[in-house]
Amino acid sequence: MTGYFSLLLPELILSTVACVLMLLGCSMKVATRKRVPILALVAMIVVFAIQLGRQQGDNASVHTLTDLSGTLRIFHFAQYIKLLVAGVGIMLLLLAWPTNAEGTGNSAMNVGQETGEFYGLMLLSLCGIFIVAGANDIILLFLGIELASIPTYIMVSISRPNPVAQEAGVKYFFLGAMSAAIMVFGFSYLYGTTGSIKLDQISQLLHPASASESDPAQTAMQPWVLLAVIMLVAGFAFKIAAVPLHVYAGDVYQGAATPVTAFLSFVPKTSGFVALIKILYAVGGSSWALPATLVKLLWVIAVLTMTFGNVLGLLQTNLKRLLAYSSVAHSGYMLTGIATLAGAYLSAGQDRSTVQTDALAGVIFYLTAYGIMNAAAFGVLMLLPARDGRAGTSAETIEDIAGQGRRHVGLGLCMAVACFSLIGIPLTVGFWGKVLLIKPAFSGGNNWLVVIIMINAAISAAYYLRIIATMFLRDPVSDAVEPTNGSRYPLPITAAIGISVFGTLLLGTVLPLTQVFTTGTHIAARIDDGTPSPK
Amino acid sequence: MRLFLQLTTDSMTVILAQTSTELTTAVLFYLFASMSAAAAVWMVLSRNIVRTAVALLFTLLGVAGLYFLLDAEFLAAVQLVVYAGGTLILIIFGVMLTSKSPYSKFEPKLVEVIVAVSVAAVLFVALLMAINNSMPTFGTDAQPAGARYPVDLLGQALLGDYLVPFELSSVLLLVVMIGAAYLAKGRKHEAPPALTTSELSRQAKRWS
């Protein structure tokens, strides 16, 4: 048992600083408003340091954090997710750094007078995932998911003064509200059938400790629980932009300013995956005994998401739209890990728990890899100028980047690294991400899933290589306008690109470092230690 | 003999009283349930927004009545005050302030109707199948019959066991308030009007 203060220290820091930022943002002085992102960065770094301190390897006593009422249960999984989100959050914050003289935005973004609100909302959204990771209570889980999502609806509208961004924000809000309604409907059935709102108690109710571990009958699920889980999966599928709930992704990612698009491609996705894993764990018990219907559903969603994302990505000419569909495809890859995890109880034999741990660790590793490598692609887009030179607009279409790799060699190479990693070519972190997803899929007997992942990686190579080819092989378009305000390579944004590219290459080439992360994700695959929580 | 008679009449009274309570409950249940269901159907079928709002009022009142029958007085009162009172009035204000005519109508396209009906039908069939297979077995937390949910215990629970969700919902409300204020304030469009996303998506429609 631990007090609320030390349990919720990172969340408290983030939400308190967010409130301070909103107050600072009200100031009339430009100098005060320019301090807003600095304070936000300091808060993120402090939270990152706290989380780094809480990663104590295998030592369970440090991780085992529950509160008196059992609302929060924070174990290895939650601690790792918090560290990941804090780390990627620093990069996302650097990408959104205001670099112009008035402190209102950078080459791709213009938040006007709303600086305080923008960064405050960003911190609150990250705080939402922290809550999702630690929640042991379906009310808190729902509130956490919404706290991660609702700020993003507003951030999309604030990020650019264009009607495009306003339209994207409103669209995203209405669809998000609809998905939240379906999700909360599912939660209500889960509560109605089990009579408990605590995830660990739901798990004990559905899978009493006396039951045999490897009994296939364990997977039998009451129709009401199954209905609840399917509704929850539908709600989370919206957050992770899985087919068929991916339709908003193109418009919203394109309409938002590029740093916000980068934010959208990581934050709601992470909250959706974390919540999905926690719910599957709650209804499947510690041995992940899930019914075949649900496994099939997850399998189909995973395959459709990968394939649709990649095929639609092939057809885009707008780069932000292309990266939106690429992000859909990456959700699909991660869903294959979830499908393997869910199917292992029924299909894998003796080594069931190894397959499950590997699959879950694979998903967590891929989430890490995606968070690291994705930032560079968006960062490079931000620094490349748009052809028509509109204020607050950076490169958006494939024409904009034609030949830019020769003009800005460094940026071109960074983009190349990001794209190679997103394809999954060796020597990058993306390669290990795919390997760690494919390995458990094989040993779990999901050979078809492996084949489909491979085909999809090949399809995705076509459009990622097209980006690199356009940047280096085509002639520069003569009317490209260089940004006039501020320096051409502002430090915070180049720092974010640098961290991202360095991380991608280091984790891909330095094997001991990759080993550290794979061990870390295997430890993180422990969601709960099974100690009974107080009633 | 007299004692026996006395006892019989007493027990008869008790039984009669019980039957009448059960009967009243049943009558009230069917009344409230049918009111909610009928008003919900009216709400979906009506095309006039104001009428839809009025239909929603009756649905919410019916649900509040059901809460009263379940001995959840606090929940019922909240339902009346927040939904039937606050939310509904907000909806009507929204309609009055935004639409050009108070008689504005929904004109859904045929495709939209088909999609909506099929989604609702799938959900309905799933619910029917679930009911057909088994009635939900409720957990052990169910209150014994006749027990009340005292409001003071509710307050203690909100600030005790459920402190974190309670505080978090206030943070969430702060976010929502900022968002609403920002959207209501509006912002000058500094850039020349570009293509809107719907135009872009129309262009891209053949692709996606």
Side-chain angles (χ1 to χ4, degrees), chain A residues 4 8 15 19 22 67-72 110 112 114 117 120-121 124 127 131 137 139-140 143-144 146-147 150-151 153-154 157-158 160-164 167-169 171 189 192-196 205 222-224 226-227 230 247 250-251 254-255 312 315-316 318 321 325 390-393, chain B residues 119 122-123 126-143 157 160-183 185-208:
Chain A
Y4 281 127
L8 288 171
S15 46
C19 294
M22 286 172 193
D67 67 318
L68 272 174
S69 55
T71 326
L72 294 154
N110 185 352
E114 261 69 45
E117 284 85 344
L121 291 172
L124 284 177
C127 177
I131 297 280
D137 182 324
I139 300 175
L140 197 59
L143 288 175
E146 287 308 298
L147 187 60
I150 291 179
Y153 309 147
I154 309 163
S157 302
I158 291 187
R160 284 208 286 191
N162 300 352
V164 192
E167 188 182 329
K171 250 183 202 171
Y189 281 138
T193 32
T194 57
S196 174
L205 235 130
Q222 282 181 46
W224 288 97
L226 187 63
L227 188 65
I230 289 175
V247 278
D251 285 352
Q254 185 179 350
L312 291 176
L315 305 171
Q316 305 306 322
N318 184 298
R321 222 180 165 84
Y325 288 115
R390 263 205 316 274
T393 313
Chain B
V119 169
V122 167
L123 192 59
L127 281 174
L128 276 187
M129 278 164 71
I131 293 173
N132 201 21
N133 266 307
S134 68
M135 283 310 281
T137 48
F138 294 103
T140 47
D141 272 10
Q143 293 280 327
D161 285 356
Y162 298 101
L163 179 67
V164 183
F166 181 72
E167 289 296 329
L168 192 69
S169 44
S170 53
V171 176
L172 199 60
L173 285 178
L174 173 73
V175 171
V176 173
M177 211 172 64
I178 291 170
Y182 170 75
L183 288 180
K185 189 184 84 174
R187 188 169 157 198
K188 282 188 204 115
H189 295 307
E190 292 146 30
L195 284 179
T196 59
T197 336
S198 56
E199 287 167 66
L200 287 170
S201 59
R202 215 166 289 133
Q203 285 174 4
K205 194 152 261 180
R206 57 198 176 116
W207 299 124
S208 52

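These numbers come from the heavy atoms of this one structure, side chains and all, not from hydrogens, waters or symmetry mates. Here is how names work: the chains are called A, B, and so on, in the same order as the sequence lines, proteins then strands, and each is numbered from 1.
Of the atoms belonging to A:Y153, not a single heavy atom falls under 4.5 Å from chain B. There is no contact between A:I230 and chain B, counting heavy-atom distances below 4.5 Å. When heavy atoms are compared at a cutoff of 4.5 Å, A:L227 approaches chain B solely by way of its side chain, counted from C-beta outward. With a 4.5 Å cut-off on non-hydrogen atoms, A:L226 does not touch chain B at all. With a threshold of 4.5 angstrom between heavy atoms, A:E146 approaches chain B through its backbone and through its side chain. Neither the backbone nor the side chain of A:C127 comes within contact range of chain B; no heavy atom of the residue lies under 4.5 Å from a heavy atom of that chain. Contacts of B:Y162 with chain A are made by side-chain atoms alone, with heavy-atom separations under 4.5 Å and no backbone atom involved.
Of the listed residues (A:I139, A:V247, A:L143), the one with the most heavy-atom contacts under 4.5 Å to chain B is A:L143. Note: B:L168 leads B:L168, B:V176, B:I178 in heavy-atom pairs under 4.5 Å with chain A. Highest contact tally toward chain A, considering only B:L163, B:L127, B:V171, is held by B:L127 [criterion: heavy-atom pairs under 4.5 Å].
A:D137 contributes atom CG, which lies 8.0 Å from atom CG of A:L72 (distance to the nearest 0.5 angstrom). Note: A:R321 CZ to A:L315 CG = 11.0 Å, rounded to the nearest 0.5 Å. Expressed to the nearest 0.5 Å, how far CG of B:L174 lies from CD1 of A:I150 amounts to 11.5 Å.
Using a distance-only test at 3.5 Å, with no hydrogens or angles considered, a donor-acceptor pair links the side chain of A:T71 to the main chain of B:D161. Using a distance-only test at 3.5 Å, with no hydrogens or angles considered, a donor-acceptor pair links the side chain of A:N110 to the main chain of A:G112.
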Audit row: A:Y325, A:Q316, side chain to side chain contact (heavy atoms under 4.5 Å, CB included) steps and yes/no: CA-CA 9 Å; A:Y325 288 115; A:Q316 305 306 322; 3.4 Å; yes
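The closest side-chain heavy-atom distance from A:Q254 to A:N318 is below 4.5 Å.
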